[in-house]
Number of protein chains: 2
Amino acid sequence: MLRGDITVAIRNAVMHELAEVGYGRLSIEAVARRAGVGKTAIYRRWGNKLEMVLEIVSDVAGRSVPLPDTGSFAGDLQLIMMIVHRALQHRIASQIIPDLMAEAARNPQIAETLQAALHTHQQAVGEKLVGQAIARGELPEGTDPEVAVDMILGPLYWRLAVSRSPMPDDYLEKLTTAVTAALKSTAP
Amino acid sequence: MLRGDITVAIRNAVMHELAEVGYGRLSIEAVARRAGVGKTAIYRRWGNKLEMVLEIVSDVAGRSVPLPDTGSFAGDLQLIMMIVHRALQHRIASQIIPDLMAEAARNPQIAETLQAALHTHQQAVGEKLVGQAIARGELPEGTDPEVAVDMILGPLYWRLAVSRSPMPDDYLEKLTTAVTAALKSTAP
DNA sequence: GAACGGCGGAACGCAACCGTTACGTCCTGG
DNA sequence: CCAGGACGTAACGGTTGCGTTCCGCCGTTC
């Protein structure tokens, strides 16, 4: 009968620790310290650091985003961009995500988890978005959903998580029109 | 009179170690082991891990890429994409870059170094590219170089360094036409 | 051929974590 | 009211890495 409040404290501590020092330097002792908890409480729940992080992260990341359908492609696009924008603005998320992405490049288990939590989901959204737009006649028949996803998420991710340069007010608008134009041009 | 061959061995070892375990877990002892070198040889050259990594990385990253001018915007774009594509395909680079990007989010010194080595440079290329295209009448007057850089590098980086999904043969072509169309639409 | 200096290797004391164990306390369910 | 179990604390032996020091070796330089 593990105590729920303790579990919550640990989960929070892991997320914060992950943001501060990254996966590579995350230590169980530091997590316990931060959570105000004994190491035993942690080892009672998970077998080791990797298992713990994967379970916690995939739980957080797995909370699915509702598939948008605002009625128009421009609207859907704007909505998605706002959602991603908000998510990547979040201080903790914007530290953890790039860190785990980098870690995934060398740890297959992490890669698999992120793949399951993000990529699959993201692909579904992309396909739905593009599918709707094609059905409405807003995008040409052969539009590639893969390219679409890259064009939508790539610049945002680059700007917010990599380049980290300040984002002018009209930036999202510009990006939206740019992406729309881009996708309209990719007919086969 | 430090021996050059030893310095080279250390530099290589650092790059490989960085790729394998990341900055967070990089240890001087491991670098020395891999380079077949005593720790003393390392401490004789740099004061600590951060200093060492920064010096080595900024040296490698600082080797400037020639600014393209193929005569047409489409050509410039294609060239840049090929260059970035090649760079991010490189096994070691594709591990180190996301890792340091993530690290930069929490270490100002790393952030500054990467900024100096990459961002400044990248901005210059973007401005030159867009400037040329505007002068040739290939892009509208008010095209924003910032957005352009994000639209060019974002999707590529996302695909190669984050999503890491396989890249179809015609992908670069599609991306090129998409980006061209996108930028033509961003007039004020 | 002697002095110099960079070299690898080994060991230093110190600190942080690992994963495990024992203990005593406190809460809860029966 | 009692048994069980989850809790925090503390300590365990072992590993790893830090940054430093000392040694003996060897190639230069003069």
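Every chain is numbered from 1 and lettered A, B, ... according to where its sequence line falls, protein lines coming before strand lines.
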Using the heavy-atom set of chain A and a strict 4.0 Å cut-off, write down the first and last nucleotide of DNA chain D that makes it in, 5' to 3'. D/dA6 to D/dT9

Show every donor-acceptor pair shorter than 3.5 Å between a side-chain atom in residues 96-103 of chain B and any protein atom, with sequence neighbours excluded, or say none if there are none.
{"unit_1": "B/D99", "atom_1": "OD1", "unit_2": "A/R106", "atom_2": "NH2", "d": "3.1"}
{"unit_1": "B/D99", "atom_1": "OD2", "unit_2": "B/Y23", "atom_2": "N", "d": "2.9"}
{"unit_1": "B/E103", "atom_1": "OE1", "unit_2": "B/R106", "atom_2": "NH1", "d": "3.4"}
{"unit_1": "B/E103", "atom_1": "OE2", "unit_2": "A/R25", "atom_2": "NH2", "d": "2.4"}

Contacts table for residues 30-40 of chain A: side-chain donor-acceptor under 3.5 angstrom, sequence neighbours left out:
{"unit_1": "A/R34", "atom_1": "NH1", "unit_2": "A/E17", "atom_2": "OE1", "d": "2.6"}
{"unit_1": "A/R34", "atom_1": "NH2", "unit_2": "A/E20", "atom_2": "OE2", "d": "2.9"}
{"unit_1": "A/K39", "atom_1": "NZ", "unit_2": "A/E29", "atom_2": "OE2", "d": "2.9"}

Derivation of the side chain to side chain contact (heavy atoms under 4.5 Å, CB included) call for A/I152 and A/V84: CA-CA 10 Å; A/I152 296 168; A/V84 174; over 6 Å; no

Interatomic distance, A/T143 atom OG1 to A/E138 atom CD [nearest 0.5 angstrom]: 11.0 Å

Those residues at least two apart in sequence (or on a different chain) that pass side chain to side chain donor-acceptor pair (under 3.5 Å) with A/R164 are none

Residues 130-172 of chain A vs ring-ring contact (aromatic ring centres under 6.0 Å, His included), sequence neighbours excluded, gives A/Y157-B/W158, A/W158-B/Y157

When you check every protein heavy atom under 4.0 Å of nucleotides 17-30 of chain C, what one-letter string (B, S, -) results, 5' to 3'? SBBBBB--------

Decide yes or no on side chain to side chain contact (heavy atoms under 4.5 Å, CB included) for B/E112 and B/L54, but give the supporting numbers first. CA-CA 10 Å; B/E112 202 180 329; B/L54 287 185; over 6 Å; no

